[in-house]
Amino acid sequence: MTDLSKTDSLFFANGDLDRDRLEKQVNDALGAAEDGELFLEYRQSESLTWDDGRLRSANFDTAQGFGLRAVADEATAFSHSNELSNDAVGRAAETVKAVGNGRSGKVDLGSIGTNVSLYSDVNPLGEATFEAKVDLLGKIDAYARAKDPRVVQVSASISGNWQAVQIWRSGGQRIGDIRPLVRFNVSVVVKQGDRMETGSHGQGGRIGYDGFFEEKSWKSAVDEALRQATLNLESVAAPAGEMTVVLGPGWPGILLHEAIGHGLEGDFNRKGTSAFAGLLGQRIASPGVTVVDDGTIHDRRGSLSIDDEGTPTQRTVLIEDGILKGFMQDRLNARLTGVKSTGNGRRQSYAHAPMPRMTNTYMLGGDKDPGEILASVKKGIYAVNFGGGQVDITSGKFVFSASEAYLIENGKLGAPVKGATLIGNGPDSLTKVSMIGNDMKLDEGIGTCGKDGQGVPVGVGQPTLRIDGLTVGGTAV
């Protein structure tokens, strides 16, 4: 949460928006509605991309606007504009207030909450000059090529975002937040004979650029990308069939996020379209499986001091020791199901209405040593990193490709494999977790989640997991 005076200077300094008049307009628009808000946004963003030995692109953008939403029962009226003026808000108010016609608007939703600040409000885009950023990308290219003569291509990018928001509700309630977000990524292509392979590594969070400019930091990122690429040069075709799969800690939690997390969002469950609908209080996973969504972790990519409806984020237990305990809720779905919002109302920008979305979703650690888990597998696959994937929310069926994986033979790691695809059903896979490691780890801060055409930054994580009887799609003949 940010001091309102810091965001007032962005929204009211030029005189197009009068604060007192705006309050009256919000009250008029939402007076007969059961819920709703005015969402003001100012955003600066930049991205620099280095590819093929030179700066390929450099972009800087400033955007601002508002979204006005009024809600009555399940009906939502939403209007947005990139014009921040009382006249534009007035036009939007006339559009959305019709949703409350014939209603009293007297639903007690509580006041806007406050939360601790989970990140700095300093704008990362101003922390280094354009020349310094270009110089950093050039150093990364030179270092990768000097370290391994097999490198034939280097791509690196740095991007930043600085978002200031205010959220208004009827009765003069308002709250503000300033949110930094940065990301750094490097990928390399290596060639050996006729074979070419790729490796990549990224990191980020609600932090500044400073850490990326530390030589130890960017060199370790390049080293990791090179490790993956050169490892893949030695990979063999992945086997196919049903087998034991061990998932590594950290980023493999993206499978948990996609195959299970979306099914625990409030809108899918209220509408009965989730594979978990109607199962609250029942066992849906193996004993020991505990999954939480936590938007309160300092500096993490998926964290928010307040969500995009003004509700403080929180740590929500979704599954506890295998029992389904709750869902992630925004205000609309919470009201319609008679529960409280969990602070998971999120939107991509002022031009989008909020909906239930994940923040940082992860599985808690267990009591097994990772080495013990690997030693327990006679034959299987150890998947460490994932690329793309798809999931069907209604059925929970998923398909994920492993970008780094190994054979497990008689309890020991074997050759790296290429082309391994994990195929399964999220709810079913939860019941097949047989061992949980004590090494829970969050990802490096690179996740972006898509839903209904909106993308928002998220975090994932998990410990090492043994899953029995998962289908692996491979390329070995």
Side-chain angles (χ1 to χ4, degrees), residues 148 150 187-190 192-193 195-202 220-256 258-259 363 365-366 368-389 398-424 429 432-444 446 460-477:
D148 195 318
R150 293 174 294 181
S187 64
V188 298
V189 178
V190 295
Q192 184 170 287
R195 187 166 181 175
M196 299 177 70
E197 296 291 348
T198 302
S200 64
H201 182 72
S220 67
V222 176
D223 291 345
E224 174 59 19
L226 277 170
R227 184 195 67 80
Q228 291 182 30
T230 55
L231 178 79
N232 286 332
L233 287 173
E234 310 302 323
S235 62
V236 299
E242 187 176 289
M243 63 189 74
T244 299
V245 173
V246 177
L247 301 179
W251 179 244
I254 190 64
L255 191 152
L256 176 80
E258 293 289 358
M363 184 184 296
K368 302 299 183 183
D369 181 84
E372 179 186 355
I373 295 176
L374 287 171
S376 72
V377 180
K378 184 176 181 180
K379 183 178 181 180
I381 292 288
Y382 177 47
V384 180
N385 278 304
F386 282 97
F398 63 81
V399 178
F400 270 87
S401 60
S403 57
E404 181 183 353
Y406 304 82
L407 295 173
I408 306 176
E409 298 173 312
N410 297 316
K412 297 184 181 299
L413 284 184
V417 296
K418 184 178 181 180
T421 302
L422 303 189
I423 305 167
S429 298
K432 294 181 177 181
V433 175
S434 58
M435 299 179 78
I436 303 174
N438 59 9
D439 58 342
M440 200 289 288
K441 177 184 175 184
L442 296 174
D443 76 292
E444 297 287 345
I446 60 173
V460 301
Q462 67 171 47
T464 297
L465 297 177
R466 171 176 165 154
I467 304 177
D468 297 324
L470 201 59
T471 299
V472 177
T475 56
V477 177

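Both backbone and side-chain heavy atoms feed into the values below; hydrogens, waters and symmetry mates do not.
Nearest heavy-atom pair, Gly419 versus Ala238, reported as atom, atom and distance to 0.1 Å: C-CB, 3.9 Å. Heavy atoms only, all atoms of each residue included: Pro370 and Asn438 are closest at CD-OD1, 3.4 Å. Nearest heavy atom pair, residue Ala383 against residue Ala402, reads CB-CB, 4.4 Å. When all heavy atoms of Val236 and Ala415 are compared, the closest pair comes out as CG2-CB, 4.1 Å. Taking every heavy atom of both residues into account, Leu247 and Tyr382 meet most closely at C-CE1, 4.2 Å.
Scored by the side chain to side chain contact (heavy atoms under 4.5 Å, CB included) test, Glu242 finds no partners at all (sequence neighbours excluded).
Salt-bridge annotation for Asp439 and Lys441: absent, with no side-chain N of the basic residue lying under 4.0 Å from a carboxylate O of the acidic one.
Interatomic distance, Leu465 CG to Lys368 NZ, rounded to the nearest 0.5 Å: 13.5 Å. Interatomic distance, CD1 of Ile467 versus OG of Ser429, reported as 5.5 Å (0.5 Å rounding).
You'll find the side chain of Met363 reaches within 4.5 Å of the side chain of Pro463, heavy atoms only. Between Val472 and Thr421 there is no side-chain heavy-atom pair separated by less than 4.5 Å. Residues Pro252 and Val384 fail the side-chain proximity criterion, which asks for heavy atoms closer than 4.5 Å. Side-chain contact between Thr471 and Leu422 is absent, with no heavy atoms from C-beta onward closer than 4.5 Å. Counting heavy atoms from C-beta outward, Ser220 and Glu224 have side chains that stay 4.5 Å or more apart. You'll find the side chain of Val188 stays beyond 4.5 Å of the side chain of Thr198, heavy atoms only.
No donor-acceptor distance shorter than 3.5 angstrom exists from the side chain of Asp223 to the backbone of Leu226, with no hydrogens or angles considered. One N or O on the side chain of Trp251 and one on the backbone of Phe386 form a donor-acceptor pair closer than 3.5 Å. Side chain of Arg195 to backbone of Val190: no donor-acceptor contact under 3.5 angstrom is found. Judged by distance alone, with hydrogens and angles left aside, the side-chain atoms of Gln462 form a donor-acceptor pair with the main-chain N or O of Gly248 at under 3.5 Å.
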Could you walk me through whether Leu413 and Leu407 satisfy the side chain to side chain contact (heavy atoms under 4.5 Å, CB included) test, starting with their C-alpha distance in whole Å, then the side-chain angles of each, then the deciding distance to 0.1 Å, before giving a yes or no? CA-CA 6 Å; Leu413 284 184; Leu407 295 173; over 6 Å; no
Determine whether Glu234 and Gln192 satisfy the following criterion, side chain to side chain contact (heavy atoms under 4.5 Å, CB included), listing intermediate values before the conclusion. CA-CA 10 Å; Glu234 310 302 323; Gln192 184 170 287; 3.9 Å; yes
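For residues 398-424, the pairs satisfying salt bridge (charged side-chain N to carboxylate O under 4.0 Å, His left out) are Glu197-Lys418, Arg227-Glu404, with sequence neighbours left out.
Checked options Leu470, Val417, Ile408; the residue passing with Ile381 is Val417 (criterion: side chain to side chain contact (heavy atoms under 4.5 Å, CB included)).
Under 3.5 Å, the side chains of Ser376 and Arg466 contain a donor-acceptor pair of N or O atoms.
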